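Numbered from 1 within each chain, the chains take letters A, B, ... in sequence-line order. It should be emphasised that the depicted structure is a prediction, and the values quoted were computed from it without experimental measurement.
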Number of protein chains: 2
Amino acid sequence: MVRAGLTTDRVVEAAADMADDVGFENVTLSAMARRFGVKDASLYSHVKNLKDLRERVALLAADEWAARIAAALAGRAGKDALIAFAGAYRTFAVDHPGRYAATFMQLDPAVLAGSTAHRRILELTSSLLLAYGLAEPDLTDAVRLLRSTFHGYASLEAIGAFGHPRDIEASWERALHALHFTLENWASSDPSRAARG
Amino acid sequence: MVRAGLTTDRVVEAAADMADDVGFENVTLSAMARRFGVKDASLYSHVKNLKDLRERVALLAADEWAARIAAALAGRAGKDALIAFAGAYRTFAVDHPGRYAATFMQLDPAVLAGSTAHRRILELTSSLLLAYGLAEPDLTDAVRLLRSTFHGYASLEAIGAFGHPRDIEASWERALHALHFTLENWASSDPSRAARG
DNA sequence: CTACAATTCCTAGGCATATTAGGCAACTCA
DNA sequence: TGAGTTGCCTAATATGCCTAGGAATTGTAG
């Protein structure tokens, strides 16, 4: 009996690759077993169950994603940083749809709390916005707006919700200009302050 | 043998309700069968298969959703309309998470092309933006920005991605003000035009 | 090097779900 | 009331998740 040489890491990475291929929700333990030439049951020595595997993929994906974003942001500030951040964000989602989807699976609060990567992405977003001169609670509001926009765009693009494929890139850039403008004029868009000013 | 009185419509509506309860991806034919007190196989007289059922739920949800948005928009214009639109959008997502998720399942292009509701939502968005004086290609760009932001916010909220539950409402309103501001100043956020003007 | 321990993988089996084929019973309507 | 349609059934197959318990392989300590 020749062993397949399975490892938790190896299984998780293969699962992430398969997610990119066939969609995160279609990753299956039996398929993973086939890929490694072992029986289903053998995988349970390496992951607890399907949910555990998914969580691990989510954490792996978040790690890789955060690294990409951090790299893109290095040494940039202001609009440059915003464009770089957005580019890294969307490129990851396009290149790795399965990993991207994994990143947004509903995680146990405990697992999520232990994830450096998820926290890091939040921090990177915050630091990006600090450059726009935002402070709490505007900061949280703006972080949410950015995440929503990016996530919404990436998700809609992924499911093919946008009609003309040619325009997608242009619309994205236009959205980024709009976001930059919004962030630069954050205070003026707040009626409670603009009324006074 | 007393008949259960199944109908395609009845099955689809029950599936939509179940989606709201347990999540769209957890809707199962066997569970539906149990709910109606029939055997699994009996459902195949009313829907082709699971995929078919899901598509039908998606179309039903889109219908209901479009109706809500249309009702909210009636007689409003400008920022009022934006707020109403956004409110109806998000309320639907919060009240009917399963139906909402269904609306964003990946549909066969043919099915999607035949869906009045999906088209109607697009039209409603467009008409909303026409009031801001936008024309193509700005219109398409802005429609995509709006959809992305709304969808992103609703999705992230649904999976509990936002930390403090108390602030979610406030952040949402702040996002809407920001969007309104962006739309009102759409041209100025475009570098290719702002440079000239 | 060898014996014990831990680890990897297997067989066997149970349960849930999706789906097809073919049949009988219950409705419908001429 | 009788023919045809439809609604629901039984039976059977396939796939997937998961557990229990056993055998082979590898690691380790004497």
Exercise for the section: Spell out yes or no: do the side chain of A:Arg3 and the base of D:dT26 have one donor N/O and one acceptor N/O closer than 3.5 Å? Expected result: no
Completion exercise
One should read off an interatomic distance between A:Ser188 OG and B:Phe181 CZ, to the nearest 0.5 angstrom, of 4.5 Å
Problem - Selection: residues 36-55 of chain A, any non-hydrogen atom under 4.0 Å of DNA chain C - result: A:Val38, A:Lys39, A:Ala41, A:Ser42, A:Ser45, A:His46
Handout entry: salt_bridge(A:Glu55, A:Lys51) N-O dist < 4.0 Å
Key = yes
Handout entry: Within-4.5 Å side-chain heavy-atom neighbours: B:Thr8 and B:Val12
Key = yes
Problem - Separation between CG of A:Asn26 and CG of A:Asp21, rounded to the nearest 0.5 Å - result: 11.0 Å
Problem - A:Tyr100 ring center within less than 6.0 Å of A:His96 ring center - result: no
Completion exercise
B:Trp172 and B:Ala86 have their tightest heavy-atom pair at CZ2-O, 3.4 Å
Problem - Side-chain heavy atoms of A:Phe85 within contact of A:Arg76, under 4.5 Å - result: no
Exercise for the section: Taking the six-membered ring of A:Phe24 (Phe, Tyr or Trp), confirm whether the NZ or CZ of A:Arg54 is under 6.0 Å from its centre and within 45° of its axis. Expected result: yes
Exercise for the section: Would you jot down, in residue-number order, the residues of residues 15-34 of chain B having a non-hydrogen atom under 4.0 Å from DNA chain D? Expected result: none
